[in-house]
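Scope of the values below: all heavy atoms of this structure, side chains included, with no hydrogens, waters or symmetry mates. For this chain, numbers begin at 1 and follow the sequence in order.
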Amino acid sequence: MKKQLVCTIVFVFSFTMGIAFSQAQASPFLVKDSVRIENLLDSIETHIYVNNKQKAYELTLRGLKTFDTTSYQQGKVKLLQRAATLNSLYGMSLDSGVFYLNQMRTLSSQIGFKRGLLWYEQTFGQIYLMQKDYEKAYRFYRGAYQLAVDIDDSIAMADVLPYIALMQINNGHYDSANVSIRRALPMVRRFGMSRTEIMLYDRLARILKDEQQLDSAAFYYKQSLEVAQSKNSKLGILTANFNLTYMRFVRDSFADIEDDLSTLLVQMKQHELLNVYIAGSYILSDVLESQKQYQKALNLYKQIRSFEDSLIGNERVRKVVERESDFYLNLKEIENLQLKKDGEIRELQLRNRKLVIYFTSFSLLVLFILLINIVKKYREIQQNIKTIREKDRIIFEKDMAIMEKEKEKAEQMVESQRKENTAKLMRICNYQEIARSTTEELLKLKREIVGSGRQASKVSSAIQNIINTINAHNQEHLWSEFETSFNETDPDYLNRLAARFPDLTPNELKLCIFLKLNLRTKEISVITQQSLKSIEVGRTRLRKKLGIDNTNTNITSFLQQV
């Protein structure tokens with residue numbers, strides 16, 4: 001039984017490690033490709049920003065070739081989107097743009113990448129906007145916005161809303177356009193989308209201009225200019241200056257703005273800002289016509305119409321529609337193949353699911369039996385631990401009782417010795433007091449001896465010898481007797497004190513003992529035969545050496561804790 005359990009556990013472990021190893025093998029390539037593709041996309045965006053579209057397109061094609069079989073499929077979708085945008089919107093090849101768009105949508109559908117589908121809708125909206133097919137453009141932009149809402153992508157929503165607002169303005173739905181603009185503005189400010197913010201101010205100013213709120217319109221055109229200048233956006237600066245110049249004509253139909261508008265249009269064309277160049281040229285044509293410069297207006301209109309047709313001719317519109325239709329037919333075929341493939345996958349998944357269920361059931365049964373044995377063994381161990389702990393508790397309680405009794409005996413002994421030492425000190429103190437009184441009486445008697453004879457001198461000398469003997473006995477014998485008794489009570493105290501404070505003198509060590517026993521200054525003075533002032537000076541010096549001179553610490557409590 002144990003052998004079967006071991007084999008089962010080894011099999012489960014090997015199966016799990018095999019899956020983990022295969023994932024670990026695929027992961028490094030995915031991470032490596034994702035980093036390389038994202039770096040390439042940053043380079044492409046940099047070239048687009050500085051208006052080097054050809055270099056951006058070369059990098060995009062090189063990336064599509066390099067990462068044709070990459071496992072980072074989302075990165076390939078991004079490269080296809082750049083290729084489609086560069087071809088469709090920047091005048092390279094509309095046919096190629098639609099081709100890359102179809103590839104992008106197919107791949108996005110296969111991997112379930114909704115952001116790729118969003119880009120597809122958004123790019124087609126821009127294509128139809130360039131061709132002035134506002135109805136189809138609006139449909140695609142609405143589709144892109146809905147996808148952005150589905151995936152909760154605020155940046156994509158903010159990016160699409162200005163174009164929806166433009167379609168609504170072209171249809172005269174100013175209230176709806178205003179709502180779209182007001183919805184987008186907080187998002188673009190939060191994410192720092194300066195180019196989109198410029199467009200929103202431009203749209204808002206256009207609504208106000210059409211509603212004859214000219215001061216408010218001029219205010220938002222200036223807002224657009226300020227943002228464009230802060231970000232050094234050539235498109236934004238030229239567009240805002242063009243609109244502000246045109247506002248002079250709106251306010252005064254006789255204003256001479258032809259030269260200013262022409263200069264700005266030349267700059268737009270030089271920077272290949274062709275869409276705004278075409279739109280601005282039509283506006284200048286209308287200005288010339290309103291000022292009755294009919295021939296100049298007609299020539300400009302023909303010139304710009306011819307230029308526009310060369311970029312977006314009817315043949316291109318037809319090709320876009322044809323390719324779009326072909327795509328939807330191909331998409332239908334792909335969907336049918338995908339349904340068939342999904343059916344096969346579901347059947348395979350069902351078979352695998354059964355195997356997993358059987359394997360899981362067997363594993364659970366084995367684990368259940370193993371768990372029962374573990375629980376049984378665990379209970380036995382717990383019971384043994386409980387028995388051992390109970391025995392240890394009884395032994396511990398007995399030891400604690402013995403230790404408590406020994407502690408009480410030791411405390412009683414220490415207390416008894418402390419009382420004995422205190423009594424000895426008091427006896428010494430009384431003896432010292434008697435000795436002092438006797439010495440004073442003897443000194444008084446010595447002074448009262450009259451005469452200078454031999455006998456008087458002899459008596460005086462004898463008295464002095466008695467006084468010296470008493471003082472010597474007091475200073476040496478009594479202290480030696482007390483020190484012996486104190487060391488019996490606390491044998492290591494003086495050693496601990498001397499080790500901790502090596503600068504203490506023998507007299508200061510004696511003073512420490514007296515203070516530890518809580519003797520008063522007067523009692524210490526009597527024992528040591530020193531004046532009260534000397535004792536106070538000694539206490540102050542001692543506090544300094546003990547490091548408690550500037551605190552409120554009680555010196556007796558401090559010495560008792562050493």
Side-chain angles (χ1 to χ4, degrees), residues 30 33-34 37-38 41 44-45 48 60 63-64 67-90 94-131 133-167 180 183-184 187 191 193 196 320-342 345:
L30 178 63
D33 281 0
S34 66
I37 290 175
E38 292 299 332
L41 289 167
I44 293 170
E45 287 299 318
I48 292 175
T60 304
L64 286 171
F67 300 104
D68 183 50
T69 58
T70 179
S71 55
Y72 182 46
Q73 295 291 290
Q74 293 182 3
K76 186 175 179 180
V77 170
K78 294 178 183 179
L79 287 170
L80 288 169
Q81 191 266 344
R82 298 300 188 279
T85 302
L86 287 165
N87 277 286
S88 305
L89 306 182
Y90 298 123
L94 190 58
D95 292 343
S96 298
V98 175
F99 170 76
Y100 288 122
L101 279 173
N102 289 338
Q103 279 196 331
M104 182 181 74
R105 182 180 177 97
T106 301
L107 182 56
S108 298
S109 299
Q110 289 174 351
I111 65 175
F113 186 41
K114 285 191 174 182
R115 189 166 278 105
L117 301 177
L118 185 155
W119 292 335
Y120 172 85
E121 300 279 348
Q122 186 176 0
T123 307
F124 254 120
Q126 290 174 305
I127 291 172
Y128 280 113
L129 176 61
M130 287 176 60
Q131 296 170 350
D133 190 340
Y134 300 126
E135 182 179 349
K136 283 190 176 182
Y138 185 64
R139 189 190 72 185
F140 276 104
Y141 279 127
R142 290 296 301 175
Y145 182 76
Q146 187 57 52
L147 284 168
V149 172
D150 291 343
I151 62 177
D152 194 24
D153 188 339
S154 298
I155 293 178
M157 284 187 259
D159 202 27
V160 173
L161 279 171
Y163 296 100
I164 292 178
L166 180 61
M167 302 299 100
S180 299
R183 186 182 302 163
M187 290 187 282
F191 296 115
M193 302 167 65
T196 308
V320 171
V321 175
E322 286 178 358
R323 284 199 174 272
E324 186 181 352
S325 301
D326 290 343
F327 168 74
Y328 281 115
L329 290 175
N330 292 334
L331 180 61
K332 204 67 178 175
E333 184 179 349
I334 290 171
E335 288 176 351
N336 292 333
L337 292 173
Q338 189 65 37
L339 287 173
K340 184 178 178 181
K341 186 177 180 181
D342 290 343
I345 292 173

Exercise for the section: Determine, step by step, whether Thr196 and Leu161 satisfy the side-chain contact (heavy atoms from CB on, under 4.5 Å) criterion, reporting the C-alpha distance in whole Å, the side-chain angles of both residues, the deciding distance to 0.1 Å, and the verdict. Expected result: CA-CA 9 Å; Thr196 308; Leu161 279 171; over 6 Å; no

Could you state the interatomic distance from [atom1] ([X]) to [atom2] ([Y]), rounded to the nearest 0.5 Å?
X: Met104; Y: Ser109; atom1: CE; atom2: OG; answer: 10.0 Å
X: Leu79; Y: Ile44; atom1: CG; atom2: CD1; answer: 5.5 Å
X: Asp159; Y: Ile155; atom1: CG; atom2: CD1; answer: 9.0 Å
X: Leu101; Y: Thr123; atom1: CG; atom2: OG1; answer: 5.5 Å
X: Gln74; Y: Asp33; atom1: CD; atom2: CG; answer: 13.0 Å
X: Thr60; Y: Lys78; atom1: OG1; atom2: NZ; answer: 13.5 Å

Would you call [X] and [Y] a side-chain contact if the rule is heavy atoms closer than 4.5 Å?
X: Thr106; Y: Gln103; answer: no
X: Tyr100; Y: Leu64; answer: yes
X: Met167; Y: Tyr128; answer: no

Output side-chain donor-acceptor pairs under 3.5 Å for residues 111-119, partner residues at least two apart or in another chain, one line each.
{"unit_1": "Arg115", "atom_1": "NE", "unit_2": "Asp153", "atom_2": "OD2", "d": "2.9"}
{"unit_1": "Arg115", "atom_1": "NH2", "unit_2": "Asp153", "atom_2": "OD2", "d": "2.8"}

Exercise for the section: Please determine, by modelled atom types, if Thr85 and Gln81 share a side-chain donor-acceptor pair under 3.5 angstrom. Expected result: yes

Practice task
Classify the ring geometry between Phe124 and Tyr120 as parallel (under 30°), tilted (30 to 60°) or perpendicular (over 60°).
Solution key: perpendicular

Handout entry: Any donor-acceptor N/O pair, Tyr141 side chain to Gln126 backbone, under 3.5 Å
Key = yes

Exercise for the section: Decide, yes or no, whether a salt bridge links Arg142 with Glu121 under the criterion of side-chain N to carboxylate O below 4.0 Å. Expected result: no

Exercise for the section: Just jot down the side chain to side chain donor-acceptor pair (under 3.5 Å) partners of Tyr145, sequence neighbours excluded, or say none. Expected result: Arg183

Problem - Closest heavy-atom pair and its distance - Ala137, Gly125 - result: CB-O, 3.5 Å

Practice task
Start with the C-alpha gap between Met187 and Met193, add the side-chain angles, then the distance that decides, and say whether side-chain contact (heavy atoms from CB on, under 4.5 Å) holds.
Solution key: CA-CA 8 Å; Met187 290 187 282; Met193 302 167 65; 5.9 Å; no

